[in-house]
There are 2 protein chains.
Amino acid sequence: MEYSPSCMKESLPAPVIPKKTVYRLSIYQRCLQRLIENDVNTVSSESLAGVAGVKPTQLRKDLAHFGHFGTRGLGYNVNTLVEMIRDALGRNRLQPVVLVGAGNLGSALLRYSGFQKEGFEILAAFDIAARRGDPKVDGVPVIPQEEMMGFVNKNDVRMAILAVPVSAAQDVVDQLIDAGVQAILNFSPTVVDVPDHVMVKNVDLAVELENLSYFVRN
Amino acid sequence: MEYSPSCMKESLPAPVIPKKTVYRLSIYQRCLQRLIENDVNTVSSESLAGVAGVKPTQLRKDLAHFGHFGTRGLGYNVNTLVEMIRDALGRNRLQPVVLVGAGNLGSALLRYSGFQKEGFEILAAFDIAARRGDPKVDGVPVIPQEEMMGFVNKNDVRMAILAVPVSAAQDVVDQLIDAGVQAILNFSPTVVDVPDHVMVKNVDLAVELENLSYFVRN
DNA sequence: GAAAATCCGTTAATTATTTCACAAGCCCTC
DNA sequence: GAGGGCTTGTGAAATAATTAACGGATTTTC
């Protein structure tokens, strides 16, 4: 049981990390980075959980999926934890990403510094209305849609951010998948169909707002 | 049990709708609107679930929380369903909303037509750098931050969209809550502290992307 | 260096959510 | 208007996720 997950014993099906755990790892990561900035070396599950907005038990259980990282009586070493999470989430955080659809929302996302700051690089943006020689936006070239598949293929791009109109969404998604994309962050307000091996995360701003409105007392 | 929820009988604790159900209602709503545009009158749980990306059973169970709306052997009347969901989510879909932080992301959200299209109206945007007399963005006035609390108070605003830098997020949230806001859609990449009666939905773009990267095969 | 205080890792219990399976209801045809 | 074919609504079963409880390790204090 020690440091090696049980799956090592005889290549069992998989460690099976709950999706929600994986999601929270990203949140922990963000909080840890804040701690590093403040020169904090050690953190207890209680205080980290407090900052991340979860219960201490949940934090410990989440981390336990990946091994033993804490010191009883003391807590977790911040740097160790950050490395562990980085590994867990895939060291390929330098993964190239493309953005499709440089309209209002799309171009705002291009200028949004948050992605870069967290270690993602948007290689290029594609738009149906783009022309060769269009100016870069915040250092990112905006390229005609036709060149998307070739580009994705050539650069081994596995992740895409989608911000195209609903009417184009499914088509673009199909193309992206054809070209090798495996994960899509979808800002187009529609549900798209994808094969099992492709992961889509929908971020539908209007749906989020509508959902929130349910919790407003009348 | 019929059309009136059991809570009417003698004001029981509450109908207790699962959060995830409420969330999915918004998605169903969107899919239904697409159906209306295509002049579809009737839809089965199977086909609606297909479009919404869920299992038919789940759809039926979700709807069942609110009463009987379908016709066995036939399916659901699209218009009836739309009305039912609108009611369930709170008829106050004309709820006023304010946006705080008119930077890159904030101003893109202002121009984003999706909110309006779904029936939300952004009354005003506030920014620390705004000056009286600044031009409107897409019809929405951009107002100095100092006037936020007064405005929210006066206009009975219950919902806010937050797109300010991390360093300002908690302060602004505290002010918003003081002024009466009950639900916050938070695009600032940080977890904010709120009392129990306030609902926050975090949309952290970098976290979403990082999370997705876990599912990319190496 | 012993005792007290802290805090992790883990099992078990609880709670929430999803799925199954099927009875009951309704449409539609003949 | 009777019967076959669909499709809903729903209890019960299965699954997943969260929380609680606690043993044991480690630090800190005196």
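Letters A, B, ... are given to chains in the order of the sequence lines, protein chains preceding strands, and every chain is numbered from 1.
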Distance-only donor-acceptor pairs under 3.5 Å for side chains of residues 190-198 of chain A, two or more places apart:
{"unit_1": "T190(A)", "atom_1": "OG1", "unit_2": "R34(B)", "atom_2": "NH1", "d": "3.4"}

Got a list of side-chain donor-acceptor pairs under 3.5 Å for residues 77-85 of chain B, not counting sequence neighbours?
{"unit_1": "N77(B)", "atom_1": "OD1", "unit_2": "N79(B)", "atom_2": "N", "d": "2.9"}
{"unit_1": "N77(B)", "atom_1": "OD1", "unit_2": "T80(B)", "atom_2": "N", "d": "2.9"}
{"unit_1": "N77(B)", "atom_1": "OD1", "unit_2": "T80(B)", "atom_2": "OG1", "d": "3.1"}

- line: Heavy-atom contacts, protein to nucleotides 15-25 of chain C, under 4.0 Å, summarised as B (base), S (sugar-phosphate only) or - (none) per nt, yield --SSBBB--BB

- request: State, with a plain yes or no, whether a side-chain heavy atom of F115(B) is found less than 4.5 Å away from one of V97(B).
  value: no

- request: Could you grab the distance from atom CG of L48(B) to atom CG of L59(B), nearest 0.5 Å is fine?
  value: 5.0 Å

statement: Hits for salt bridge (Lys or Arg N to Asp or Glu O under 4.0 Å) against D204(A), two or more places apart or cross-chain, chain-then-number order -> R30(B)

task: Count the heavy atoms belonging to other residues, nucleotides or ligands that lie under 6.0 Å from CD of Q116(B), then report whether that count exceeds 12.
output: yes

- prompt: For DNA chain C, what string of dots and brackets results from 5' to 3' when Watson-Crick and G-U pairs need both distances under 3.5 Å, crossing pairs get [ ], and pairs with another strand get |?
  reply: ||||||||||||||||||||||||||||||

task: Return the value, rounded to whole Å, for the distance between atom CG of L59(A) and atom P of dT18(D).
output: 13 Å

DNA chain D-proximal residues of residues 75-83 of chain B, any heavy atom under 4.0 Å: G75(B), Y76(B)

- prompt: Within less than 4.0 Å of OP1 or OP2 of dG9(D), is there a side-chain N or O belonging to H65(B)?
  reply: no

message: Just by distance, no angles: are the side chains of Q58(A) and D62(A) close enough, under 3.5 Å, to form a donor-acceptor pair?
response: no

- prompt: Does any N or O in the side chain of S188(A) come within less than 3.5 Å of the main-chain N or O of V164(A), such that one atom is a donor and the other an acceptor?
  reply: yes

Protein-nucleotide distance (F69(A), atom CZ; dG9(C), atom P), rounded to Å: 9 Å

query: Are any of S45(A)'s side-chain N or O atoms less than 4.0 Å away from OP1 or OP2 of dC8(C)?
result: yes

OG on S45(A) to CZ on F69(A), rounded to 0.5 Å: 14.5 Å

field: Rounded distance (nearest 0.5 Å) linking atom CZ of R24(B) with atom CG of N211(A)
entry: 11.0 Å

